Protein chains: 2
Amino acid sequence: MHEEQHPMTSAAARRATITDVAREAGTGKTSISRYLNGETSVLSPELRERIEAAIAKLDYRPNQMARGLKRGRNRLVGMLLADLTNPYSVEVLQGVEAACHALGYMPLICHAANEIDMERRYLQLLTTYRVEGVIVNALGVKEELLQTFSLGGIPVVLVDRSVEGFVTDMVGLDNPEAVALATRHLVEEGFDDVVFIVQPFRRVSSRRVREAAFRDTIGALGTKGSTIVIDLAEAAPALAAIDAHLDAADANPQRVALFAANAPVALRVALHLKERYGANWQQRVALMSIDDSEWAELAGMTTVRQPTYDIGRRAVEFLHERLEGARMPARECLLPGELVVRSSTRRKQSPGT
Amino acid sequence: MHEEQHPMTSAAARRATITDVAREAGTGKTSISRYLNGETSVLSPELRERIEAAIAKLDYRPNQMARGLKRGRNRLVGMLLADLTNPYSVEVLQGVEAACHALGYMPLICHAANEIDMERRYLQLLTTYRVEGVIVNALGVKEELLQTFSLGGIPVVLVDRSVEGFVTDMVGLDNPEAVALATRHLVEEGFDDVVFIVQPFRRVSSRRVREAAFRDTIGALGTKGSTIVIDLAEAAPALAAIDAHLDAADANPQRVALFAANAPVALRVALHLKERYGANWQQRVALMSIDDSEWAELAGMTTVRQPTYDIGRRAVEFLHERLEGARMPARECLLPGELVVRSSTRRKQSPGT
DNA sequence: TTGTATGCGTTATCAC
DNA sequence: GTGATAACGCATACAA
């Protein structure tokens, strides 16, 4: 039977501290600290070896908390996400993580699960943990909340959406261009009536911007177009409106395409169409979407893929530059989307058949 | 000499500390600390008000780092996730977050993105940040790595999969029962040949367990069954094997069902089937899966839904109990899955048609 | 009821 | 080159 080293309480064998290492190496804490911080030049090779041995023997890991307390930077970066259920967020997160790793930051990920209260709560927590900066992709945070960060000298970078009355670095999709790209594609494929479907704008600027871009494009092209607002929590009215629109087009007859403003909307609409038209719904009605979700290929749905990974990466880079002291005015980085054409938007036979 | 009231750089208005608050309220730090920790009874109402005013005026937020340093607990809980791309992980995470919130912990989320090196690195980082406990859902961590936590008195709870040679609390799906449930359903629906499709086991115990359960069930039922191992990074051979199997059944003819061990496998297989049989693939071949992904409904695929949210919640509860000093032997919590029947596994016409 | 002093694990300042 | 020693922001034993 192993009595496991004879820990005094037998419970929690306290982790070694810098003092323990110093004692073990027969030296002072300063030298240990120096070793840890790579001030390797000023250490005699002999002492250095003793330190290394001691560290290894005690399995010593410097305490980031204490470190952060002392030097005022703990390498923590807050990442507030409105909805991890949306693959967009996960993909952005991947970029964020990669960049953080590369630059030596540790992302403190906060998932608000679409609850505005959670967003506020997490934002508070983040200041409490003294993150050095925050990347925010939120649903309903207001300007004031973010101001407390900026005013406190903590840089904020916005992702996907801006916050009214608050100017900071922001990175996201080039929505106008992406929407135009998609709409033009539909028109080129011969659709002469496009229905844009989007969630209630609320505080989410990207929704508003996309819808505006849709109107602009449709207007410029002289194509018929309209917008339906869908509340995912209460989708029935919007779905009925869609049905009505499709039925009217059937009678007309007109070639109509549905254009979902993001993946969650697209899924909801696709489910409805499948229910109404059966497994072959894609051949009856064209559905296109911003966000290239994993099931898009399965449904044969044309999409605009967002450069999610790059968005995440850029966000961290922006933050990093600020943390390094960059003092320039707020920047905006709009990355282009990529049209992924699939069968759903290929020319359909006219609905009369 | 106090120079520091004149923010020299004007840039980062240093956050208020407990000392600032004490000065502002005209009292000592102790009273502030008492106020913060709810020892509200021992404070004169008058002082209490001054403190409240001071805190509000300075927008003071206690520094969790310093706090944690002093009392030895920082309320941080590590959550290592193998793959956030898998909706399973996100759902578990939701449960974890909710429970953490309820119990006053802050989850430090680490996403290894299926890279074993990342898992190791993050585990190191977690000890560095002195998390009080860890919840682990990993791809390839070995026993030794986790031992350093346990030995250091940091409780570990495993999710979905166990780690060979390492005994701790673990919570996940009741795999044997779930697989039996699904398999029995298939047999009852008249399928007389079931193909189980699973990723290479590697260190992932749940894969092994599911496959074993499949063999057991199929054996007990006296039904024909086989297993195909698919490497998602190199799926061609497995997909060819599936094709061959389906072709053979066509000739026989036999009613064969495909049973994917999890969502990523199901998606890969579904994509392949769609490519091969067109949009109506569901009517040609039956596909069932563990994990009820968001597109399952869209594809009309029968699944076993995991109690993901509860899994996450239980994991945190287990951890919490350990953190409160519970000393019982390692526990195992296996939660039941729920069969979600959809059209894909309804009796199909025999393949000859 | 309130305040003083000490220490948590680290880094920074300054001696030697 | 090396090592005391004083903070960092907070909690607590102890004194008042």
Side-chain angles (χ1 to χ4, degrees), chain A residues 12 14-51 54-55 58-76 127-132 152, chain B residues 1-4 12 14-52 54-55 58-76 127-132 152-153:
Chain A
R14 195 179 51 81
R15 277 217 84 91
T17 78
I18 202 172
T19 314
D20 299 328
V21 179
R23 193 186 321 116
E24 174 75 27
T27 175
K29 329 197 277 185
T30 310
S31 298
I32 313 296
S33 180
R34 292 215 175 91
Y35 174 85
L36 292 175
N37 294 299
E39 300 177 39
T40 171
S41 53
V42 289
L43 287 178
S44 75
E46 190 264 341
L47 177 52
R48 201 170 137 183
E49 246 169 65
R50 265 159 45 215
I51 293 181
I55 287 183
L58 299 181
D59 187 31
Y60 168 70
R61 306 281 164 75
N63 183 331
Q64 274 300 118
M65 298 305 174
R67 226 176 227 226
L69 186 58
K70 183 61 187 149
R71 39 158 66 140
R73 340 181 34 188
N74 54 19
R75 307 265 76 190
L76 244 29
T127 97
T128 260
Y129 279 100
R130 296 296 188 270
V131 293
E132 296 184 29
Chain B
M1 265 310 216
H2 280 290
E3 291 278 50
E4 57 171 298
R14 195 179 51 81
R15 275 216 86 90
T17 79
I18 201 172
T19 314
D20 300 327
V21 179
R23 193 184 322 117
E24 174 74 29
T27 177
K29 326 198 278 185
T30 311
S31 299
I32 313 297
S33 179
R34 290 216 177 90
Y35 175 85
L36 293 175
N37 293 299
E39 299 176 41
T40 169
S41 53
V42 291
L43 287 177
S44 74
E46 189 264 341
L47 177 53
R48 199 170 138 185
E49 245 170 67
R50 265 160 47 217
I51 294 182
E52 261 162 16
I55 288 184
L58 300 181
D59 187 32
Y60 169 69
R61 305 282 164 75
N63 182 330
Q64 273 301 116
M65 300 304 174
R67 220 173 231 228
L69 188 58
K70 183 61 188 145
R71 38 157 69 138
R73 339 180 35 186
N74 54 18
R75 308 264 76 190
L76 243 29
T127 96
T128 260
Y129 279 99
R130 296 296 189 269
V131 293
E132 295 184 30

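So you know, we letter chains A, B, ... as the sequences are listed, proteins then strands, and number each from 1. Source: prediction; values computed, not measured.
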Chain A footprint on DNA chain C, 5' to 3' - any atom under 4.0 Å from a heavy atom:
C:dG9 to C:dC14

Using the side-chain hydrogen bond (donor to acceptor under 3.5 Å, both in side chains) criterion, which residues pair with B:Tyr35? Sequence neighbours excluded.
B:Glu52

Between atom CZ in A:Arg130 and atom P in D:dG9, what is the gap in whole Å?
9 Å

Checking all strands, does A:Tyr60 fall into the base, sugar-phosphate, or nothing category for heavy-atom contacts under 4.0 angstrom?
sugar-phosphate

Considering residues at least two apart in sequence or located in another chain, which fulfil the side-chain contact (heavy atoms from CB on, under 4.5 Å) criterion with B:Glu132?
B:Arg73, B:Asn74, B:Arg75, B:Tyr105, B:Leu323

What residues from residues 19-30 of chain A pass a heavy-atom cutoff of under 4.0 Å to DNA chain D?
A:Thr27, A:Gly28, A:Thr30

Report for the helix from C:dT1-D:dA16 to C:dC16-D:dG1: angle between first-end and last-end helix axes, five pairs each, rounded to 10 degrees.
40°

By nearest heavy atom, map A:Leu43 and B:Arg71 onto DNA chain D; which one lands nearer the 5' end?
A:Leu43

Could you list by number each residue of residues 62-70 of chain A showing a heavy-atom separation from DNA chain C of less than 4.0 Å, or answer none if no residue does?
A:Pro62, A:Asn63, A:Ala66, A:Arg67, A:Lys70

Can a donor-acceptor pair be found between the side chains of B:Thr127 and A:Arg61 at a distance below 3.5 Å?
yes

Once you apply a heavy-atom cut-off of 4.0 Å, does A:Ser31 come out as touching a base, just sugar-phosphate, or nothing?
sugar-phosphate

Once you apply a heavy-atom cut-off of 4.0 Å, does B:Ile32 come out as touching a base, just sugar-phosphate, or nothing?
nothing

Could you check whether A:Asp20 pairs with A:Arg14 (Lys NZ or Arg NE/NH1/NH2 to Asp/Glu carboxylate O, under 4.0 Å)?
yes

